[in-house]
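Each remark here refers to the structure printed beneath this line.
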Amino acid sequence: MEKLSFVNDRQEKIADILCKKGFSYNYVCKLLRNKDVKIDDIRTKDNVVVEKGSNVAVFYEKGALSQGYEIVFQDNNIIVLDKKTGIEVEGVDGLEGRISGAMAVHRLDRNTEGLMVMAKNKVTKEIFLNAFKKHAITKKYIAEVVGATDFDGKIYKAYLGKDSETSLVRVYANAGRGREEIKTGFKTIKSNPTSSIVECDLLTGKTHQIRAHLAYLGHPIIGDGKYGKNEDNKKFKKKTQQLYCTFLKLDGLSGELEYLNNKTFTKKPEWLK
């Protein structure tokens, strides 16, 4: 058995803390069942809240602790990686803290997996931020959603508003104060009466856009604890959303990064293979 010891740096549930450290959610559940987690020298089997400053010790099998990412491509300027679920992009425990010198140029939600780009220097970061701002970089996602769908690639338009009190967003049919227009393309890859695999073309990159938009259309992503239904997630036995960034096409890059224009990256999630 291996041992990981650390001092907790903020109040949070133990499962969330261990996922950020690089354990999969399913493996965290196993650790707790086996009482392989100690908080201030007391073993626990429950997903308790850990106070800031508490000492945590985890006894785990060799190979169970993941980096939280897999490098797909890198050169002197960028890293393209496959981010795993349960990993934040920012922060000490996030990708920026785990990969020395790497800076995020866009975001994936903590429980969203897939392809993303990180910059190795400040010039690269600024060029990429400008390209994303102009929507020059193409991102496509794969999602497993509740119910049968017949999306044919049409672009769906709606309006998204943020609720600061709940940290959620809501999608509306009409424009209104504080609402921003969103555009998402949806195409059904395969479908059955209970679930469907949908390709999502993100044309505007707003907070939780794909998750909220699909829920608004009546097909929440399976495993989505914020925009889905608990009964659906229990039925499919999923605790994290089945959403994966499967395709990246780089474009709109200027200066010394022009060589990366039209470069594409494609990867499929494990649950689709």
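The first residue in the sequence is number 1, and the count goes up from there. These numbers were taken from a predicted model, which means no experiment stands behind them.
Rounding to the nearest 0.5 angstrom, the gap separating the CD1 atom in Ile210 from the OG1 atom in Thr112 is 8.0 Å. Separating the CZ atom in Arg211 from the SG atom in Cys200 is a distance of 12.5 Å, to the nearest 0.5 Å. With values rounded to the nearest 0.5 angstrom, Ile39 atom CD1 is found 11.0 Å from Asp41 atom CG. Distance check, rounded to the nearest 0.5 Å: CG of Leu203 to CD of Glu181 gives 10.5 Å. Rounding to the nearest 0.5 Å places CG of Leu160 at 7.0 Å from CD of Glu180. Going from atom OG1 of Thr124 over to atom CG of Asn76 covers 9.5 Å, rounded to the nearest 0.5 Å.
Figure legend: cation-pi geometry between Lys139 and Phe247 absent, as NZ or CZ is not positioned both under 6.0 Å from the six-membered ring centre and within 45° of its axis. Cation-pi geometry between Lys263 and Phe73 is met: under 6.0 angstrom from the ring centre, within 45 degrees of the axis. Within the cation-pi definition used here (under 6.0 Å to the ring centroid, within 45° of the axis), Arg43 qualifies as a partner of Phe59. Under a cutoff of 6.0 Å and an axis angle of 45°, Arg179 and Tyr172 form a cation-pi pair.
Remark: Ser191 engages Ser196 in a side chain to side chain donor-acceptor pair (under 3.5 Å) (not counting sequence neighbours).
Side chains of Gln241 and Tyr227: no donor on one and acceptor on the other come within 3.5 Å. Defined by atom type and a distance below 3.5 Å, a donor-acceptor pair is present between the side-chain atoms of Ser54 and Asp40. Side chains of Thr194 and Asn192: a donor on one and an acceptor on the other come within 3.5 Å. A side-chain N or O of Asn121 and one of Asn77 form a donor-acceptor pair less than 3.5 Å apart.
For the pair Ser195 and Glu144, the tightest heavy-atom approach, listed with the atom from each and the gap, is OG-OE2, 3.8 Å. Minimum interatomic distance between Glu96 and Ala104 (heavy atoms only, all atoms of both residues): OE2-N, 2.9 Å.
For Arg170, the CZ atom sits in a loose shell: 12 or fewer heavy atoms of surrounding residues, nucleotides or ligands are nearer than 6.0 Å. Heavy-atom neighbours of Lys267 NZ from other residues, nucleotides or ligands within 6.0 Å: above the threshold of 12. Atom CG of Asp163 sits in a crowded spot, with more than 12 heavy atoms from other residues, nucleotides or ligands closer than 6.0 Å. Taking a 6.0 Å sphere around NZ of Lys235, one finds it holds more than 12 heavy atoms contributed by other residues, nucleotides or ligands.
In this structure, Tyr141 has its ring center no closer than 6.0 Å to that of Tyr244. Separation of the Tyr156 and Phe151 ring centroids falls under the 6.0 Å cut-off.
By the 4.5 Å heavy-atom criterion applied to side chains, Leu95 and Met118 are counted as neighbours. By the 4.5 Å heavy-atom criterion applied to side chains, Leu217 and His213 are counted as neighbours. You'll find the side chain of Thr166 stays beyond 4.5 Å of the side chain of Lys226, heavy atoms only. With contacts defined as side-chain heavy-atom distances shorter than 4.5 Å, the pair Val37/Leu18 qualifies. Here the side chains of Asn262 and Leu250 are not in contact, with every heavy-atom distance at 4.5 Å or above. The closest side-chain heavy-atom distance from Thr138 to Leu248 is not below 4.5 Å. No side-chain heavy atom of Asp36 sits under 4.5 Å from any side-chain heavy atom of Val58. Between Phe186 and Thr149, every side-chain heavy-atom pair lies at or beyond the 4.5 Å cut-off.
A donor-acceptor pair under 3.5 Å is absent between the side-chain atoms of His208 and the main chain of Val169, judged by distance alone. With hydrogens and angles ignored, the 3.5 Å screen pairs a side-chain donor or acceptor of Asp152 with a backbone N or O of Lys154. Of the possible polar contacts, one joining the Lys83 side chain to the Ile87 backbone as a donor-acceptor pair under 3.5 Å is found. Proximity of a side-chain donor or acceptor of Gln209 to a complementary backbone N or O of Thr204 within less than 3.5 Å is detected. A donor-acceptor distance shorter than 3.5 angstrom exists from the side chain of Thr44 to the backbone of Asp46, with no hydrogens or angles considered. For His106 (side chain) and Val117 (main-chain N/O), a donor-acceptor pair under 3.5 Å exists by modelled atom type. The backbone N or O of Pro220 lies less than 3.5 Å from no partner atom in the side chain of Lys229, so there is not a single donor-acceptor pair. Here the side chain of Asn261 pairs a donor or acceptor atom with the backbone of Leu253 at under 3.5 angstrom.
Taking the charged nitrogens against the carboxylate oxygens, Asp201 and Lys183 have no contact shorter than 4.0 Å, which rules out a salt bridge. Taking the charged nitrogens against the carboxylate oxygens, Asp232 and Lys234 have no contact shorter than 4.0 Å, which rules out a salt bridge. For the pair Glu61 and Lys30, the salt-bridge criterion is met [side-chain N within less than 4.0 Å of a carboxylate O].
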> Between Arg107 and Asp109, is a salt bridge (charged side-chain N to carboxylate O under 4.0 Å, His left out) present by the stated rule, with each step listed?
Replying inline: CA-CA 7 Å; Arg107 301 289 183 269; Asp109 292 340; over 6 Å; no

> Passes side-chain hydrogen bond (donor to acceptor under 3.5 Å, both in side chains), Tyr259 versus Asp75? Steps please.
Replying inline: CA-CA 12 Å; Tyr259 72 96; Asp75 63 12; 2.6 Å; yes

> Between Lys239 and Asn233, is a side chain to side chain contact (heavy atoms under 4.5 Å, CB included) present by the stated rule, with each step listed?
Replying inline: CA-CA 7 Å; Lys239 293 184 179 291; Asn233 297 337; over 6 Å; no

